[in-house]
**Student:** 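Once you've had a glance at the structure underneath, I'll fire off some questions.
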Amino acid sequence: MTALPRSIAALHAAYAGGLTPSAVMAGLAARQRVLDDPGIYLAQPSEAEVAASIAALPPFDPARFPLWGVPVAVKDNIDVAGMPTTAACPAHAYVPAESAPAVARLVAAGAIITGKTNLDQFATGLVGVRTPHPIPRNARAPDRVPGGSSSGSAVAVAQGLALLSLGTDTAGSGRVPAALNGLVGLKPSVGAVPSRGVVPACPSLDCISVFANDVADAWACYGVMAGGDDRDPWSRPIELGAPGPAFTRLGIPRVEDLHLDGAEQRAAWEAALARLPAGVTLVQRDLTPFLETARLLYEGAFVAERDAAFGALVAPEAMHPVTRRIVAGAARFSATDAFRGLHRLAELRLATRPAWEGIEALLVPTAPNFPTLAELEADPIGPNARLGTYTNFVNLLDLAAIAVPAPPRPDGLPFGVTLIGPRASDAGLAATGAALMKGYAA
């Protein structure tokens, strides 16, 4: 069985040395059989289809085709031509004739699609267990949640079944699973990557995100996908540039804004701060308006956008019980409530401005908790809500973010931190995330 190298550079070096895409894909299939986790993929190409994808590759030229031969998994709410899209709701299944622009751009750059991955149904959840299919097993702690909604995408990379994967991130779905599986999760500025071809969760907030083992690979994937789309009403392209320079003035939560569950999470956060690169200055910031914004997403009328996006796509009885419960909650809000929510969001955006004075980015824990599967069975809502403490506000405030693995908890479980910056700060966030990872690995 050919093991998958852990970076694009290493994979391309192996290809240059004689490794073939066929051998890589055969190795992934063998590894998948050994893992025996039926919850990761919901659909995969046949051997003949994989062979056809490999045959369609241009001659090896990683300069022209930066993702040449790179195995990429795709969340099953993102269209891949000829493969079913279900959003983990079998009643919604369809087979698109056209790939989402983000996927088409990856394939044009040489990527090989490994399959469609499991998720919290209709991308509604941060735990990864709200699916009618088997739950993907967390790659580092099988008794814990895999994180969601992009559960299968994160686990696929963490388990070495793909080198990159696409998730979506509306409220943290591209960051929380990264933290809980020891990965990088890059959430672009809203609209920088076209969201056309994505089953909507909240169309005004949805982003296609990237899971990878390191920042350089996530950035390479982002760079290929990014760009305008005249057919996408939510497209808002930005100039990416090259990553860098790294930010050196970072805001962190005040003690009263630090919501971490248990001594293990608190110890990991302290270890992450203690091992920052030399030259980084930390400044405590009042996160009150950010945290209030986070609560707007599910506690206020903004939940109605989910009902507007997918509530009518299938009958309520076809939905996962928790998904159905969330969508049904929209009925208690009126159009007046929705406008009040928009007005409050505008006030909160204004209230967050002072926090950015004198800093270049915020540094926060990615997730305040790491629920067990048993905890979710006992309470399907509470632990999920806690997971979004430091993620839910980001898209509402039109910010960019990147989650990176930090030193593990004292019990060995993974822990992650997230860098958050203003719209179009993506390059600086990536450079800073890479610097943090280098420091943490030292």
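Heavy-atom basis, side chains included; hydrogens, waters and symmetry copies ignored. One-based numbering along the sequence shown.
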**Student:** Would R130 and D120 count as a salt bridge (charged side-chain N to carboxylate O under 4.0 Å, His left out) if you check the C-alpha gap in whole Å, the side-chain angles of each, and the deciding distance to 0.1 Å?
**Tutor:** CA-CA 5 Å; R130 298 171 177 175; D120 282 310; 5.0 Å; no

**Student:** Please say whether more than 12 non-hydrogen atoms of neighbouring residues, nucleotides or ligands are located less than 6.0 Å from CZ in R64.
**Tutor:** no

**Student:** Does the separation of the ring centres of F122 and H92 fall below 6.0 angstrom?
**Tutor:**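 Ring centres of H92 and F122 closer than 6.0 Å.
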
**Student:** Is it the case that the side chains of Y222 and D426 hold a donor-acceptor pair, with the cut-off being a distance below 3.5 Å and no angle test?
**Tutor:**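 Yes, because at least one side-chain N or O of D426 sits under 3.5 Å from a partner of the opposite role on Y222.
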
**Student:** Counting only heavy atoms not in E377, do more than 12 sit closer than 6.0 Å to its CD atom?
**Tutor:** no

**Student:** Side chains of T86 and D76 only: does a donor on one sit below 3.5 Å from an acceptor on the other?
**Tutor:**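 Yes, D76 and T86 have a side-chain donor paired with an acceptor closer than 3.5 Å.
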
**Student:** Would you find a donor on one side and an acceptor on the other, under 3.5 Å apart, between the side chain of K187 and the backbone of A171?
**Tutor:**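 Not a single qualifying donor-acceptor pair exists.
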
**Student:** Can you name the nearest heavy-atom pair linking G125 to Y298, along with the distance?
**Tutor:** N-OH, 4.3 Å

**Student:** Measure the shortest side-chain to side-chain distance between V184 and W219 over non-hydrogen atoms and say whether it is less than 4.5 angstrom.
**Tutor:** no

**Student:** Give me the atom names and distance for the closest heavy-atom approach of P134 to N118.
**Tutor:** O-ND2, 2.9 Å

**Student:** If you define the side chain from C-beta out and look only at heavy atoms, does anything of M83 sit under 4.5 Å from V74?
**Tutor:**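 Contact flag for M83/V74 side chains = no.
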
**Student:** To the nearest 0.5 Å, how far apart are NE2 in H133 and NE2 in H320?
**Tutor:**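 NE2 of H320 is found 10.5 Å from NE2 of H133.
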
**Student:** Quick one, H259 and L291 - any side-chain contact, counting heavy atoms below 4.5 Å?
**Tutor:**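 Yes, side chains in contact.
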
**Student:** With a 4.5 Å cut-off on side-chain heavy atoms, are L180 and V176 touching?
**Tutor:**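 In short, these two side chains touch, coming nearer than 4.5 Å.
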
**Student:** For D214 and S7, which I'm curious about, is there any donor-acceptor pair between the side chains at under 3.5 Å?
**Tutor:** no

**Student:** Sequence neighbours left out, cut at 3.5 Å: what donor-acceptor pairs do the side chains of residues 412-425 make with other protein atoms?
**Tutor:**
unit_1, atom_1, unit_2, atom_2, d
T418, OG1, T366, OG1, 2.6
R423, NH1, V190, O, 2.5
R423, NH2, V190, O, 3.4
R423, NH2, R236, O, 2.4
S425, OG, P422, O, 2.6

**Student:** Would you say R325 has more than 12 foreign heavy atoms packed within less than 6.0 Å of its CZ?
**Tutor:** no

**Student:** Do V193 and C207 come close enough that some side-chain heavy atom pair is under 4.5 Å?
**Tutor:** no

**Student:** Using a distance-only test with no angle check, is there a side-chain donor-acceptor pair under 3.5 angstrom linking T323 and T124?
**Tutor:**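 Side chains of T323 and T124: no pair found under 3.5 Å.
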
**Student:** Which atom names give the shortest non-hydrogen contact between T391 and L126, and what distance separates them?
**Tutor:**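 Looking at all heavy atoms of both residues, the shortest contact is OG1-CD1, 4.1 Å.
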
**Student:** Could you tabulate the donor-acceptor pairs under 3.5 Å formed by side-chain atoms of residues 430-442, not counting sequence neighbours?
**Tutor:**
unit_1, atom_1, unit_2, atom_2, d
T432, OG1, F247, N, 2.8
T432, OG1, G428, O, 2.7
Y440, OH, A272, O, 3.1

**Student:** Would you check if N369 and E375 make a side-chain contact, meaning some heavy-atom pair closer than 4.5 Å?
**Tutor:**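 No, side chains not in contact.
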
**Student:** Suppose the criterion is ring-ring contact (aromatic ring centres under 6.0 Å, His included): which pairs have a residue in residues 358-388, not counting sequence neighbours?
**Tutor:**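 Applying ring-ring contact (aromatic ring centres under 6.0 Å, His included) to every pair that reaches into residues 358-388, excluding sequence neighbours, yields nothing.
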
**Student:** Within the 4.5 Å heavy-atom criterion, are P365 and L258 side-chain neighbours or not?
**Tutor:** yes

**Student:** With a 3.5 Å distance limit and no angle check, can you tell me whether D206 reaches the backbone of T170 through a side-chain donor-acceptor pair?
**Tutor:**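 Pair absent, no side-chain N/O of D206 close to backbone of T170.
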
**Student:** Under 3.5 Å, side chain of E47 to main-chain N/O of A26, donor-acceptor pair present?
**Tutor:** no

**Student:** CZ of R6: more than 12 outside heavy atoms within 6.0 angstrom?
**Tutor:** no

**Student:** State whether a side-chain donor-acceptor pair under 3.5 Å links S209 with K75.
**Tutor:**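 Checked: S209/K75 side chains show no N/O donor-acceptor pair below 3.5 Å.
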
**Student:** Name the one of L164, V157, L11, V50 that satisfies side-chain contact (heavy atoms from CB on, under 4.5 Å) with P71?
**Tutor:**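 Only one option passes, and that is L11.
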
**Student:** Can you find a heavy atom in the side chain of P200 that is under 4.5 Å from one in the side chain of W234?
**Tutor:** no

